[in-house]
Protein chains: 2
Amino acid sequence: MGILKRIDTKQQPATKARPKLSLLPLDTILMDDCVAAMAKLPDRSIDLIFADPPYNLQLGGDLFRPEGGRVDAVDDDWDKFDTFEAYDRFTRAWLREARRVLKDDGTLWVIGSYHNIFRVGAALQDEGFWILNDIIWRKANPMPNFKGTRFTNAHETMIWCSKSEKARYTFNYRAMKGLNDDLQMRSDWSLPICSGGERLKDDDGHKAHPTQKPEALLYRVLLASTEPGDIVLDPFFGTGTTGAVARRLRRRWIGIEREPKYVKVASERIASTLPLDESAMAGVPEKKSAPRVAFGILIETGLLQPGTILTDAKRRWKAEVRADGTLVADGAAGSIHKLGATLQNAPSCNGWTFWHVEQAGKLLPIDTLRQRHLAATGE
Amino acid sequence: MGILKRIDTKQQPATKARPKLSLLPLDTILMDDCVAAMAKLPDRSIDLIFADPPYNLQLGGDLFRPEGGRVDAVDDDWDKFDTFEAYDRFTRAWLREARRVLKDDGTLWVIGSYHNIFRVGAALQDEGFWILNDIIWRKANPMPNFKGTRFTNAHETMIWCSKSEKARYTFNYRAMKGLNDDLQMRSDWSLPICSGGERLKDDDGHKAHPTQKPEALLYRVLLASTEPGDIVLDPFFGTGTTGAVARRLRRRWIGIEREPKYVKVASERIASTLPLDESAMAGVPEKKSAPRVAFGILIETGLLQPGTILTDAKRRWKAEVRADGTLVADGAAGSIHKLGATLQNAPSCNGWTFWHVEQAGKLLPIDTLRQRHLAATGE
DNA sequence: GCGGAACATGAATCCGCTG
DNA sequence: CCAGCGGATTCATGTTCCG
């Protein structure tokens, strides 16, 4: 069978929690096809698998931004499959090996988009995995839909599953609650995409990998579903985000990656990542900002009816609410902010405080309705 | 085959937008199995389908049992496999009928949770549907996970798809943007669950249906992907949320529901729902429906003189207007769009917003002149 | 050095009609 | 079916550059 190529990175001190197999190529990148590499690992030896497989995006020609720039799309060969059937075969092959090497109480995470995640989800159910949650990564700053043809594709989906319904998997409930201001962690996570200094660049200054995931995502995944010292396998290692976060959180890791250039980037990255101090392992609190409420919600939820007349505080202007959440007055129309600015001939306007609605004989700023919505939904 | 039982509710005034078939049982609930009822509808007759199929996979309801179920006791794995297979058969059966009755440019929405949505998504791709978006309904106030064993299941997933990649589906981009404070509507929608007065109760005061969807959800779905007068089919009608919102937004609807008690609740509910006033229905016009104005008209009508010099906003390029409505600059010539693209070395250019004319010492985009022309001709 | 404008960019199934 | 062409279309961040 030949010897696996290994890239060794600095060994980290293990925090003991579960018995480990000494045969595993720990804290190492295996440069190989993921199915072939997994086939060489022993049965039931891995605590957690995080998989970021190709999405099979099926993109067409070039896409241009309104200002003329060209979108740098994922056009790599590794994302191309001839048919759904071919993609399904690939998926089942790596899922089977993943299932074999996973401990009976271990869990598997897979991330994907609508292009592939439904196929992956159905396949893993067919292979006997038991879905625990589907988690939505809500991107704080996604790429817009430049042509206005669909809803902005602003999220990705992760599936978290165990090997069976009865498995006693790891879920660090308290740690998750602590990360979320002492509220239960929900199935939707709002996190920024990977950019700025975290985004790895190659020698030319271009992004080293087209789909690098943010460390914050892996941080939450590993903190939720592993203990220190657990063994984490990533069969589509890429730039090694999983390995870097595992090392930082004092988990052991194994990465599998076929492309030599990604292996190089990942091993350098992980070597320069330091494990957290034991004292800091308690977790880092995250700041939470108030959710933005669009005016349209008030109409959709019935707090305000289409056709209602709004006025400013001194009743100098009035406007009618339409079904799509815009206002119309004297032929002018627009959002609550834009119309307020237009009527006052001002550069901008806070529509929430400018516009009022008459209720019980009194003029209420529509911001009051927003507060009511927030209160009703407990946010 | 017998005659379909129909429950007629009050007819709503139709706002004409697309040609309709008089044979369809419009604004009616068909009390029948959804596949059997759809089988009686003509091909390509429906503009939009909203489907909220059952997903009680592990409850082993009769619905999903394969014909002539096993006699021998089976172990859990086999039973689960059978259940998934049976669920897939059921899914493909209703998806095929849905596909047949849908117009070629119509679209389908399906809502589900992690129990069933991956199977449904894979099945609809297999049947040839083309996914446009997956939409996350982020529940503002979900039920907590009482045992603390998983993440709070705080969302449901909707898949929006067309019949083919090339279909010219309806997407009211402007209306969606209007609902969202003039920002593109994203694929994650934060809306409260259906509760309080909206939640229908039976005579005992218990909730009439276990999975009643909020009207706000359907409001956004219908506003996004249908026009007034369009025909909306809901093959799993339940308490008729789809019908109630369709009536309110002046869409036509057909509901299919097997359970007599739900049919009763839904028909009463819809009868007491009133359509919105026409004036509130007039939303932001979609730009693409505005009449086209050729640049040459501005010259013919005297709004612009041949020989006038146009520049871009930063005065980097200039061009001269010729009598035939073309521009010329540095030997290059062409339409306002083509010349703009040529000069910038860009793949395309909107000449209306790129070119400016100096009037009263200020640079005005020539689009302003087009607006002036449209206003003068009363369009 | 600082503030603001300008520029760059992210897993994207991204136009529609006419001839 | 394809080519041509009119003209519609972007949000949140982070970095660079200029005054």
Side-chain angles (χ1 to χ4, degrees), chain A residues 52-76 78-81 84 111-117 137 139-157 190 192-199 201 205-207 209-214 236 238 292, chain B residues 105 125 129-134 161-162 164-169 171 173-174 177 180-187 286-290 292-296 314 325 334-341 346-355 366-367 370:
Chain A
D52 183 8
Y55 288 7
N56 188 23
L57 287 185
Q58 305 175 254
L59 301 180
D62 282 342
L63 176 63
F64 291 92
R65 301 161 186 270
E67 85 279 7
R70 182 179 151 278
V71 173
D72 185 15
V74 178
D75 55 0
D76 306 71
W78 49 253
D79 195 50
K80 290 185 168 54
F81 294 83
F84 280 135
I111 185 167
S113 65
Y114 67 81
H115 308 83
N116 71 322
I117 198 65
W137 169 28
K139 300 182 185 182
N141 46 349
M143 186 160 75
N145 181 296
F146 294 115
K147 304 294 188 192
T149 55
R150 303 178 178 187
F151 297 97
T152 307
N153 194 0
H155 73 275
E156 293 188 22
T157 300
S190 200
I193 59 175
C194 180
S195 68
E198 188 187 332
R199 189 84 194 208
K201 305 290 195 303
H206 300 113
K207 57 190 176 191
H209 192 284
T211 71
Q212 186 183 341
K213 298 292 177 289
F236 306 95
R292 206 176 60 84
Chain B
D105 290 338
Q125 285 181 314
F129 286 99
W130 186 251
I131 298 181
L132 300 169
N133 278 113
D134 58 335
C161 55
S162 61
S164 72
E165 181 178 358
K166 298 297 176 198
R168 289 202 292 274
Y169 54 90
F171 177 54
Y173 175 74
R174 292 272 158 191
K177 201 169 172 176
N180 194 36
D181 286 356
D182 278 336
L183 292 176
Q184 286 190 341
M185 187 68 82
R186 301 167 38 112
S187 57
E286 298 288 326
K287 268 234 173 86
K288 51 192 155 194
S289 64
R292 250 183 54 175
V293 176
F295 179 65
K314 293 175 186 170
S335 70
I336 55 172
H337 314 295
K338 191 172 262 184
L339 186 64
S348 69
C349 167
N350 182 345
W352 290 109
T353 50
F354 177 73
W355 292 109
I366 57 176
D367 195 48
R370 177 167 62 160

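Within every chain, numbering begins at 1; the chains are lettered A, B, ... in the order of the sequence lines, protein sequences first and strands thereafter. Keep in mind it's a predicted model, so treat the numbers as computed, not measured.
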Query - Interatomic spacing from NZ in Lys166(B) to CG in Asp105(B) - rounded to 0.5 Å - result: 13.0 Å
Report summary line: Those residues at least two apart in sequence (or on a different chain) that pass ring-ring contact (aromatic ring centres under 6.0 Å, His included) with Phe151(A) are Trp160(B), Phe171(B), Trp189(B)
Query raised in the report: Nearest of dT13(C), dC11(D), dG7(D) to any side-chain atom of Gln184(B)?
Result: dC11(D)
Report task. Look at Tyr173(B) and dT9(D) and indicate whether a side-chain polar atom (N or O) is within less than 4.0 Å of OP1 or OP2. Result -> no
Query raised in the report: dA8(D) and dG10(C): how far apart are their C1' atoms, nearest whole angstrom?
Result: 22 Å
Query raised in the report: NA contact type, Thr211(A), heavy-atom cut-off 4.0 Å: base, sugar-phosphate, or nothing?
Result: base
Requested in this report: May I ask you to verify if any side-chain N or O of Ser113(A) is less than 4.0 angstrom from the OP1 or OP2 atom of dA11(C)?
Outcome: no
Query - Pairwise 5' ranking along DNA chain D for Ile336(B) and Asn145(A), keeping only the more 5' one - result: Ile336(B)
Query raised in the report: Below 4.0 angstrom from OP1 or OP2 of dC11(D), is there any side-chain N or O of Arg186(B)?
Result: no
**Report entry** No-hydrogen, no-angle side-chain donor-acceptor test under 3.5 Å, His337(B) and Ser335(B)
**Finding:** no
Query raised in the report: So do Trp78(A) and Pro210(A) actually touch side chain to side chain, heavy atoms under 4.5 Å?
Result: yes
Query raised in the report: Rounded to whole angstroms, how far apart are NE2 on His337(B) and P on dC17(C)?
Result: 16 Å
Query raised in the report: Contact class for Pro142(A) vs. all strands (heavy atom < 4.0 Å): base, sugar-phosphate, or nothing?
Result: base
**Report entry** Side-chain heavy atoms of Ile366(B) within contact of Phe295(B), under 4.5 Å
**Finding:** yes
Query raised in the report: In whole angstroms, how far is the C1' atom of dT13(C) from the CZ atom of Phe84(A)?
Result: 9 Å
Query raised in the report: With sugar-phosphate meaning primed atoms plus P, OP1 and OP2, does Gly197(A) contact a base, only sugar-phosphate, or nothing at under 4.0 Å between heavy atoms?
Result: sugar-phosphate
Query raised in the report: Which part of the nucleic acid does Pro214(A) contact within heavy-atom distance under 4.0 Å: base, sugar-phosphate only, or nothing?
Result: nothing
Report task. Measure from the side chain of Arg150(A), starting at C-beta and using heavy atoms only, and say which of dG6(D), dC14(C), dA11(C) lies closest. Result -> dC14(C)
Query raised in the report: Between CD1 of Ile117(A) and NE2 of His115(A), what distance do you get to the nearest 0.5 Å?
Result: 12.0 Å
Report task. Among the candidates dA11(C), dG14(D), dA12(C), find the nucleotide nearest to the side-chain atoms of Ser195(A). Result -> dG14(D)
Query raised in the report: Are any of the side-chain heavy atoms of Tyr55(A) and Asp79(A) separated by less than 4.5 Å?
Result: yes
Query raised in the report: Has Trp130(B) got its ring stacked on dT13(C), by the test of a centre gap below 5.5 Å and a plane angle below 30°?
Result: yes
Query raised in the report: Roughly how far apart are Glu156(A) CD and Ile111(A) CD1, rounded to 0.5 Å?
Result: 4.5 Å
Query raised in the report: Which atoms form the tightest heavy-atom contact between Pro54(A) and Asn116(A), and what is the distance?
Result: O-ND2, 3.6 Å
Requested in this report: Using the P atom on both, measure dC14(C) against dA12(D) and round to a whole Å.
Outcome: 23 Å
Query raised in the report: What interatomic distance, in whole Å, is found between P of dA11(C) and the corresponding atom of dG6(D)?
Result: 35 Å
**Report entry** Distance, rounded to the nearest Å, where Leu63(A) contributes CG and dC15(C) contributes P
**Finding:** 7 Å
Query raised in the report: Hey, which of these two, Gln212(A) or Ala167(B), hits DNA chain C nearer its 5' end, going by closest nucleotide?
Result: Gln212(A)
Report task. Please tell me if the side chains of Lys147(A) and Leu63(A) come closer than 4.5 Å, counting only heavy atoms from C-beta onward. Result -> yes
Report task. For Ala294(B), report the nucleic acid contact type (base, sugar-phosphate, nothing); a contact means any heavy atom under 4.0 Å. Result -> nothing
**Report entry** Sugar-phosphate only, base, or nothing, as touched by Arg70(A) at under 4.0 Å among non-hydrogen atoms
**Finding:** nothing
Query - Given dT13(C), dA12(C), dA11(C), the nucleotide with the shortest approach to the side chain of Gln58(A) - result: dT13(C)
Requested in this report: Kindly label the base of dT15(D) as syn or anti, based on whether its glycosidic torsion lies within 90° of 0.
Outcome: anti
Requested in this report: Please map the stems of DNA chain D, keeping only stretches of three or more Watson-Crick or G-U wobble pairs with both distances under 3.5 angstrom.
Outcome: C:2-10 with D:11-19, C:15-19 with D:2-6
Query raised in the report: Checking all strands, does Asn180(B) fall into the base, sugar-phosphate, or nothing category for heavy-atom contacts under 4.0 angstrom?
Result: nothing
Query raised in the report: Got a donor-acceptor pair under 3.5 Å from the side chain of Ser348(B) to the base of dA8(D)?
Result: yes
Report summary line: Glu156(A) atom CD is separated from dG10(C) atom C1', nearest whole Å, by 11 Å
Query raised in the report: Lys207(A) versus Asp72(A): any side-chain heavy-atom pair under 4.5 Å?
Result: yes
Requested in this report: Take atom P in dG4(D) and the same atom in dT13(C), then report the distance between them in whole Å.
Outcome: 28 Å
Report task. Please tell me which of the listed nucleotides, dG7(D), dA12(D), dG6(D), lies nearest to the side chain of Asn350(B)? Result -> dG7(D)
Query raised in the report: The side chain of Phe146(A) lies closest to which of these nucleotides: dT10(D), dA11(C), dT13(C)?
Result: dT10(D)
Requested in this report: Take atom CZ of Arg174(B) and atom P of dA8(D), then tell me their distance rounded to the nearest Å.
Outcome: 10 Å
Requested in this report: For dG19(C) versus dG7(D), give the span between their P atoms, rounded off to a whole number of Å.
Outcome: 15 Å
Requested in this report: Could you tell me the separation between the NZ atom of Lys177(B) and the P atom of dA8(D), rounded to a whole number of Å?
Outcome: 14 Å
Under 3.5 Å, which protein N or O atoms sit close to an N or O of nucleotides 1-9 of chain C? Give each pair with its distance.
none

Query raised in the report: If you look at every strand shown and take non-hydrogen atoms under 4.0 Å, does Cys194(A) touch a base, only sugar-phosphate, or nothing?
Result: nothing
Report summary line: Here the distance between atom C1' of dC14(C) and atom CZ of Phe171(B), to the nearest Å, is 11 Å
Query raised in the report: OP1 or OP2 of dT18(C) less than 4.0 angstrom from a side-chain nitrogen or oxygen of Arg292(B), does that happen here?
Result: no
Report task. Check whether any side-chain heavy atom of Asn56(A) sits under 4.5 Å from a side-chain heavy atom of Phe84(A), and report yes or no. Result -> yes
Requested in this report: Report yes if a side-chain nitrogen or oxygen of Asn153(A) is closer than 4.0 Å to either non-bridging phosphate oxygen (OP1 or OP2) of dT13(C); otherwise report no.
Outcome: yes
Query raised in the report: NZ of Lys166(B) versus P of dC1(D): gap in Å, rounded?
Result: 10 Å
Report task. Pick base, sugar-phosphate or nothing for Gly334(B), based on heavy-atom distances below 4.0 Å to the nucleic acid. Result -> nothing
Requested in this report: Just compare dC15(C), dT10(D), dT13(C) and give me whichever is closest to any side-chain atom of Leu59(A).
Outcome: dT13(C)
Query raised in the report: Can you tell me how far the NE2 atom of His206(A) sits from the CZ atom of Arg199(A), to the nearest 0.5 Å?
Result: 13.0 Å
